[in-house]
Amino acid sequence: MRAAPTILHLDMDAFFAAAEQAAKPSLRGKPVVVGGLGPRGVVATASYEARRFGVHSAMPMGQARRLAPNAAYLVPRFAFYRSISEQVMELLGRLSPLVEPLSLDEAFVDLEAGGLADDSAGALVVGERLRADILATTGLTGSVGLAGSKMIAKIASEEAKPDGLVLIEPGTERELLGPRSVRILPGVGPATGEHLRRAGMTTVSDLAEAGEDELVRLLGRAHGASLYRMAQGYDDRAVVAERDAKSVSVEDTFDVDLHDRVRIRTEVERLADRCVARLRASGHSGRTIVLKVRRYDFSTLTRSDTLRGPTDDPVVVREAAGRLLEAVDTTGGVRLLGVGVSGLADYTQEDLFAQAEEERAAVAIAEAGAGAGADAVEAVGGGAGGGVAGVSGEPESAGVVAVERRWAPGHDVRHAVHGAGWVQGSGVGRVTVRFEDPWSAPGRVRTFSVDDPELEPSEPLPLVRGECGAEA
């Protein structure tokens, strides 16, 4: 524990939804829900306007629609959110060499390590300047908590929401925590909270009064001792600048259970490719390939295969995931599939056999294309989880693919005549677009055929005018 509140916790306010509102003037001040839009989708983030109706993160999307039927429901744009997060993390990095990101929109900062603050007054100045810098750089707001420990700084930022700053002076922790629910402490989830409730402990002061021995008896040595210290207000965890990734994975939940083994195999291969792309982006390779299958009855199976060396070769990962799938009974249907890679390393032990096989496949494709005398057309499916506008289709005849564009609600488009806009919705061969940009007034809505040649997917526009060379 520190004698000065030099640990800062930043939490961006309703991050995904706020980013969408900033990008879309017509949605500002209105309820916005971001998440999977299928029948089995869940809420990723709800704007504060949507939260007034009871919508919250991790809620089934169907329930959210019943609570807030008039809200705007949008598919996440993770690349867009990641670009904003990078700007925020860069600002945090200017404060201290010790920045510990917890997610795209949340991080701890050790101000003492940055030499910017050694008392409450200095910490307040840094916190307020950070909030102003984030607003000027991204157009979004963040809430800041300042305290002498990570646990209390996080509680402070929660109290500061939305768009505020709260400083909790060291030495006042026990007074602050005493009347709060035990769920406020790190590591106390629903199961542990219910276990403690049955033992007659509902507040943090109850834990402190019970004593360490009783908590160890109830929860075990490590958890019980740690919880007792936190109930006393003690938290000596350091801000850690680098966190080693343990695994990389992707998964999709399908609107309708998959029964066709060929389709299931195709989805596994697609997930394997996405996983490898994420693996390479992180600069890692891995030795263990993991397949996750959730069946129609919600039973979940996990299978893994450890290779002789780490790889980031998509052929190797696809083949390993396919072998694992062969050992799984998918009778009755599959509602979720996932592919992951663990046992990560910072280098790749080349799999020469897979590399040679990939090169032979490329040559074979090139020769086949030359013999057919026609260009190949690749079908890019949006997947069950939705995604960016793309194309999908089934072969009508040998070498020919019927292409149909898919437009995800909330994603960016550009029209040759009307300019920049975003998809409000699509169906029955039509797509509805609202034409506006982050700096304009709410725009007009127009409807087009889904295959209108003048309408194309586009990259997100910056939220702040002039950023990245954007024109006024």
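Bear in mind that the values here come from a model prediction, so they are computed numbers and not experimental data.
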Side chain to side chain donor-acceptor pair (under 3.5 Å) against Arg278, all qualifying residues, sequence neighbours excluded: none
Criterion side chain to side chain contact (heavy atoms under 4.5 Å, CB included) on Gln87 and Glu90, from CA distance to verdict: CA-CA 5 Å; Gln87 293 177 306; Glu90 181 181 351; 5.6 Å; no
Heavy-atom check, side chain of Leu91 versus side chain of Arg94, under 4.5 Å: yes
Presence of salt bridge, Glu267 and Arg263, under 4.0 angstrom: yes
Steps toward salt bridge (charged side-chain N to carboxylate O under 4.0 Å, His left out) verdict (Arg197, Glu194): CA-CA 5 Å; Arg197 187 194 66 78; Glu194 177 61 19; 2.6 Å; yes
Test applied, side-chain hydrogen bond (donor to acceptor under 3.5 Å, both in side chains); reference residue, His9; option that passes from Glu158, Glu100, Lys150, Glu106: Glu106
Test side-chain hydrogen bond (donor to acceptor under 3.5 Å, both in side chains) applied to Thr306 and Thr288, step by step: CA-CA 4 Å; Thr306 299; Thr288 301; 3.1 Å; yes
Pairs satisfying salt bridge (Lys or Arg N to Asp or Glu O under 4.0 Å), at least one member in residues 285-298, at least two apart: Glu251-Lys292
Distance-only donor-acceptor check, side chains Ser143 and Asp13, under 3.5 Å: yes
Contact list for residues 45-55, test salt bridge (Lys or Arg N to Asp or Glu O under 4.0 Å), sequence neighbours left out: none
Test item: Val188 and Met230 side chains (from C-beta on) under 4.5 Å apart, heavy atoms: no
Non-hydrogen atoms of Ser26 and Trp422 that approach each other most closely: OG-CZ2, 3.6 Å
Separation of Leu455 CG from Phe448 CZ (nearest 0.5 Å): 6.0 Å
Test log, rule side chain to side chain contact (heavy atoms under 4.5 Å, CB included), inputs Asp329 and Leu301: CA-CA 10 Å; Asp329 180 10; Leu301 303 176; 6.0 Å; no
Test side chain to side chain contact (heavy atoms under 4.5 Å, CB included) applied to Leu227 and Leu196, step by step: CA-CA 11 Å; Leu227 202 57; Leu196 292 170; 4.1 Å; yes
